[in-house]
Amino acid sequence: MTMLNDILFIVFVNFFGIFIVTLLINSIFFLIKGFKKRMTNIILIGFGFGLLSIGFISNLVFNLGQLFQEFTIFISFVFVIIFTTLTFHKNRRFIPNIILISVIILGIVQIGFFIYSILGTWTLSLYYIRVWLDLPYTLLTFNWLAFSSYSSYRVLKSQKVNPWIKMRYKMVAIFSFIFGFNSIPEFFQPPGTSWAESDNIVSLLVFGITTTLVIVFSLGFALAWIMPTSFKNFLDRNYELDEEIEYQEKELIELIKKQLSQKDEKL
Amino acid sequence: MTIIAHLGDKLASLISISAPAARGLIKLAIKDEFGPFRQHPQINFEEYKSILENSLRKRLKNLNVPDVNNAINQMLDELTLKQSLITMEAL
């Protein structure tokens with residue numbers, strides 16, 4: 001059993017390592033593209049993913065503690081919500097604002113729990129209250145992104161849009177949806193054990209399920225955004241582009257006038 | 001180009017002109033707003049909005065298109081509905 005535990009532990013730690021590295025790659029990609037194309041939403045998600053990976057590294061590698069990690073998670077979740085609003089919901093204010101405010105409140109509550117766990121007396125009931133509140137925090141952040149991407153995909157799925165773009169919508173929706181559930185395994189963490197305890201199989205499995213969910217998200221999200229040209233071309237293999245006619249300005253205005261007068265004649 | 005194509009198709013159906021001509025008119029409106037050197041992937045949602053509300057409106061008025069306000073409002077709705085294409089096709 002101990003050997004199996006050790007093997008599982010190494011596998012899951014590697015999963016977690018790949019997750020953090022992939023997040024960092026995503027972050028760098030978004031930051032480079034965002035600054036190059038002057039896109040605020042892309043810059044924000046780049047910072048968000050970067051902070052998330054810095055938070056994990058600082059806690060797990062440099063032992064800066066869970067409070068610092070929770071703070072970086074909070075900032076990155078807020079950036080993900082703002083990214084979703086700026087990408088999918090400009091000119092729509094009410095629901096995006098409600099979601100943003102809810103996530104900020106839930107994030108502050110999570111930070112409050114971590115501060116209390118350091119300063120006060122931590123109990124099992126408090127642990128479960130924290131975990132129960134962590135669920136809507138993560139669900140709202142990532143399922144709002146999933147829902148927004150899926151809703152936009154539904155609008156565009158029967159319209160003339162390159163298949164690789166439609167695939168990006170689907171991938172963002174699916175992988176964000178999956179990530180939204182990564183706090184559920186926390187409910188099954190055995191009392192009195194720490195996270196990823198290698199000599200406790202349940203704790204190890206909780207860690208394993210969490211790392212599997214996050215690695216699926218990070219790799220899927222990376223493929224959705226850093227999509228290789230060969231993959232785009234493969235998806236677009238049966239897609240026919242509309243014929244583009246380049247007009248001179250004078251020629252175009254004359255053509256439109258003619259088409260408008262033909263319409264008037266028909267009326 | 002996808003967002004321009006969709007806005008062009010919408011404009012074509014609103015004022016009954018061909019889709020290539022409508023796309024051309026939107027490209028002219030972009031040129032009016034930002035000059036000839038601004039490339040489409042560098043245009044964001046607010047700038048598209050401003051293109052529709054200012055230069056496209058002027059272009060449609062000069063062409064004596066009836067009920068320009070209604071056409072522009074419908075174009076703005078189309079832009080809001082499909083705004084995510086600006087990001088999704090940019091990377």
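Everything numeric in this text was worked out from a predicted model, so none of it was measured. Each chain gets a letter, A, B and so on, in the order its sequence line appears, and its residues count up from 1.
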### Message
Between A:K258 and A:E251, does any side-chain N to carboxylate O distance fall below 4.0 Å?
### Response
no
### Query
Would B:S16 and A:Q259 count as having a side-chain donor-acceptor pair, cut-off 3.5 Å?
no
### Message
For A:F88, which atoms come within 4.5 Å of any heavy atom of chain B: side chain, backbone, both, or neither?
### Response
both
## Note on the structure
Turns out that what part of A:K166 lies under 4.5 Å from chain B's heavy atoms comes down to neither
#### Entry: Backbone of A:G55 reached by a side-chain donor or acceptor of A:N59 within 3.5 Å
no
### Message
Taking side chain as everything from C-beta outward and backbone as N, CA, C, O, which of these in A:F30 sits under 4.5 Å from a heavy atom of chain B? Side chain, backbone, both or neither.
### Response
side chain
### Residues A:T87 and A:N41: side-chain donor-acceptor under 3.5 angstrom
yes
#### Entry: Close side-chain approach of A:M227 and A:M171, heavy atoms under 4.5 Å
yes
### Task
Return the option, out of A:T40, A:I42, A:L255, with the maximum number of heavy-atom pairs under 4.5 Å with chain B.
A:I42
### Query
Which is it for A:I45 and A:F79 under the side chain to side chain contact (heavy atoms under 4.5 Å, CB included) test, yes or no, and what are the steps along the way?
CA-CA 6 Å; A:I45 200 167; A:F79 280 179; over 6 Å; no
### Message
If you define the side chain from C-beta out and look only at heavy atoms, does anything of A:S176 sit under 4.5 Å from A:F221?
### Response
yes
#### Entry: Heavy-atom contact with chain B under 4.5 Å, split by part of A:I226
neither
### Task
Examine whether an atom of B:L91 lies under 4.5 Å from a heavy atom of chain A, and if so say whether it belongs to the side chain, the backbone or both; otherwise answer neither.
both
### Task
Spell out the residues in residues 72-81 of chain B that have some non-hydrogen atom less than 4.5 Å away from a non-hydrogen atom of chain A, in order of number; otherwise answer 'none'.
B:T80, B:L81
### Task
Report yes or no: do A:H89 and A:T84 form a side-chain donor-acceptor pair below 3.5 Å?
no
### Partners meeting side-chain contact (heavy atoms from CB on, under 4.5 Å) with A:N162 (sequence neighbours left out)
A:W164, A:I165, A:D236, A:Y239, B:T2
### Query
Checking heavy atoms, do the side chain of A:S149, its backbone, both or neither come under 4.5 Å from chain B?
side chain
